[in-house]
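In what follows, a structure is listed as structure tokens, so that the remarks can point back to it.
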Amino acid sequence: MKTTRGARRTVRSAALAAVAAAAMLSLIAGQGGGEDAAAGPGKTVSVSTSRTADGRAEALDGSNSITVSASKAVARSGSSKAAAPVRKERLADGSTAEIHKIGAQHYRAKIVSRGDVLATIEANGDDAGLDANDMFIVLTPDGKVHSWLGGGHAGPGTFKLPGGWTAKVTKVGDLHYRAQILGRDGVVMGTLEADQQDDGGVANGIYMVLSTGGVISAHE
């Protein structure tokens with residue numbers, strides 16, 4: 001939520017010639033006894049390799065490796081394993097938020113239910129919000145998640161929110177709504193802007209979400 005005052009809102013690749021890959025596969029296939037040596041067309045064989053001074057590939061006990069199949073050789077380096085979440089939190093509807101740190105003041109939360117990722121919310125330097133079928137979620141740039149069920153008001157219109165706040169919701173365009181967050185004296189303290197994407201924010205401990213359909217909800 002944007003506020004006016006008061007509210008916070010290498011990979012190193014190795015190209016191997018096809019003839020070198022075929023020669024390596026033949027070399028391995030000729031070795032007896034091992035499981036890898038018996039790999040058929042539907043299996044792959046990994047071997048350690050290196051380049052000689054004239055560019056030829058040779059087998060070594062080094063760290064570089066290629067995966068050789070019957071049809072092609074693929075170079076690989078490093079690990080493709082996705083980074084583990086820094087933590088997991090149970091949400092209001094029983095699903096789970098898997099929270100990943102992307103960088104400073106930058107977090108991403110995957111909403112997971114029964115092993116399926118239902119939605120993703122990302123806070124990069126500012127709060128983010130999501131209306132997930134009447135479960136509302138706010139993710140802050142320090143990786144905190146708050147969720148609740150229901151309590152939505154369908155805009156356009158002016159609505160009272162918890163904490164003494166008032167939301168003035170207006171339609172700007174297709175899938176684009178704006179909510180001005182007013183203090184007790186009627187002064188605009190912040191703005192939620194849901195333009196093709198839901199928005200969220202926190203104001204004095206009150207969490208707010210505005211959806212692209214004009215629904216606003218708030219929760220302590």
Side-chain angles (χ1 to χ4, degrees), residues 1-9 85-102 105-113 117-220:
M1 179 172 68
K2 299 179 177 63
T3 59
T4 53
R5 64 179 179 87
R8 98 170 157 70
R9 217 4 231 141
V86 295
R87 70 179 186 281
K88 298 179 181 180
E89 289 191 18
R90 183 63 61 89
L91 301 177
D93 70 346
S95 60
T96 300
E98 295 184 353
I99 304 163
H100 299 256
K101 183 173 183 178
I102 310 303
Q105 295 290 294
H106 188 181
Y107 282 81
R108 179 183 299 136
K110 295 180 180 179
I111 313 306
V112 179
S113 179
V117 178
L118 306 181
T120 301
I121 181 172
E122 191 161 331
N124 186 4
D126 202 357
D127 302 321
L130 177 67
D131 178 359
N133 295 326
D134 210 34
M135 178 179 71
F136 299 91
I137 306 168
V138 172
L139 176 65
T140 64
D142 57 358
K144 295 178 181 179
V145 172
H146 187 85
S147 66
W148 67 96
L149 296 172
H153 304 279
T158 301
F159 311 100
K160 294 291 184 181
L161 303 179
W165 299 104
T166 298
K168 183 179 180 181
V169 180
T170 56
K171 183 173 183 178
V172 181
D174 187 33
L175 296 178
H176 187 180
Y177 281 80
R178 179 179 298 133
Q180 292 180 315
I181 309 303
L182 313 177
R184 298 181 187 275
D185 55 0
V187 175
V188 177
M189 304 296 288
T191 303
L192 293 173
E193 193 87 20
D195 184 4
Q196 310 296 315
Q197 180 175 301
D198 301 340
D199 195 12
V202 188
N204 293 344
I206 306 299
Y207 296 83
M208 308 175 186
V209 170
L210 175 67
S211 77
T212 57
V215 175
I216 189 165
S217 183
H219 191 261
E220 295 190 61

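Only heavy atoms go into these numbers, but all of them, side chains included; no hydrogens, no water, no symmetry mates. In what follows, residues are counted from 1 in the order of the sequence shown.
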Practice task
Show the numbers, then the answer: is there a side chain to side chain contact (heavy atoms under 4.5 Å, CB included) between Trp165 and Asn204?
Solution key: CA-CA 10 Å; Trp165 299 104; Asn204 293 344; 3.6 Å; yes
Problem - Euclidean distance, Arg87 CZ relative to His100 NE2, rounded to 0.5 Å - result: 11.5 Å
Handout entry: Worked check of side chain to side chain contact (heavy atoms under 4.5 Å, CB included) between Leu210 and Met208
Key = CA-CA 7 Å; Leu210 175 67; Met208 308 175 186; over 6 Å; no
Problem - Student check: side-chain heavy atoms of Lys168 and Val188 closer than 4.5 Å - result: no
Exercise for the section: State whether the side chain of Ser147 and the backbone N or O of Ala92 hold a donor-acceptor pair below 3.5 Å, judged by distance alone. Expected result: yes
Exercise for the section: Give a yes or no on whether Arg90 atom CZ has more than 12 heavy-atom contacts from other residues, nucleotides or ligands under 6.0 Å away. Expected result: no
Problem - Test side chain to side chain contact (heavy atoms under 4.5 Å, CB included) applied to Val169 and His153, step by step - result: CA-CA 9 Å; Val169 180; His153 304 279; over 6 Å; no
Exercise for the section: Look only at the side chain of Asp198 and the backbone of Asp131, and say whether a donor-acceptor pair between them is shorter than 3.5 Å. Expected result: yes
Using atom types as modelled, flag every donor-acceptor pair under 3.5 Å from a side chain in residues 212-220 to any protein atom, sequence neighbours excluded.
residue	atom	partner	partner atom	Å
Ser217	OG	Trp148	NE1	2.8
Ser217	OG	Gly150	O	3.0
Ser217	OG	Gly151	O	3.4
His219	ND1	His146	NE2	2.9

Fill in the blank from the handout: When rounded to the nearest 0.5 Å, the distance separating CG of Leu118 from CG of Asp93 is 8.0 Å
Problem - Whether over 12 other heavy atoms sit under 6.0 Å from Glu98 CD - result: yes
Exercise for the section: Find out whether Ile102 and Asn124 are in side-chain contact, i.e. whether some heavy atom of one side chain is under 4.5 Å from a heavy atom of the other. Expected result: no
Completion exercise
side chain to side chain contact (heavy atoms under 4.5 Å, CB included) with Val209: of Ile137, Leu130, Val138, only one passes, and it is Val138
Exercise for the section: Evaluate the side-chain proximity of Pro156 to Thr170: yes if any heavy-atom separation is below 4.5 Å, no if none is. Expected result: no
Practice task
List the steps and the verdict of side chain to side chain contact (heavy atoms under 4.5 Å, CB included) for Glu122 and His106.
Solution key: CA-CA 7 Å; Glu122 191 161 331; His106 188 181; 2.5 Å; yes
Problem - Inter-residue atom distance Gln180.CD - Thr158.OG1, 0.5 Å rounding - result: 9.0 Å
Practice task
Flag the pair Ser95 / Val112 as yes when at least one side-chain heavy-atom distance between them is below 4.5 Å, and no otherwise.
Solution key: no
Problem - Distance in Å, Leu91 CG paired with Thr96 OG1, rounded so as to fall on 0.5 Å steps - result: 6.5 Å
Problem - Gap separating the CG atom of Leu139 from the OH atom of Tyr207, nearest 0.5 angstrom - result: 10.5 Å
Exercise for the section: Decide yes or no for Val172 and Asp195: does some side-chain heavy atom of the first lie under 4.5 Å from some side-chain heavy atom of the second? Expected result: no
Problem - Ile99 to Val145 - nearest heavy-atom pair and separation - result: CD1-CG2, 3.7 Å
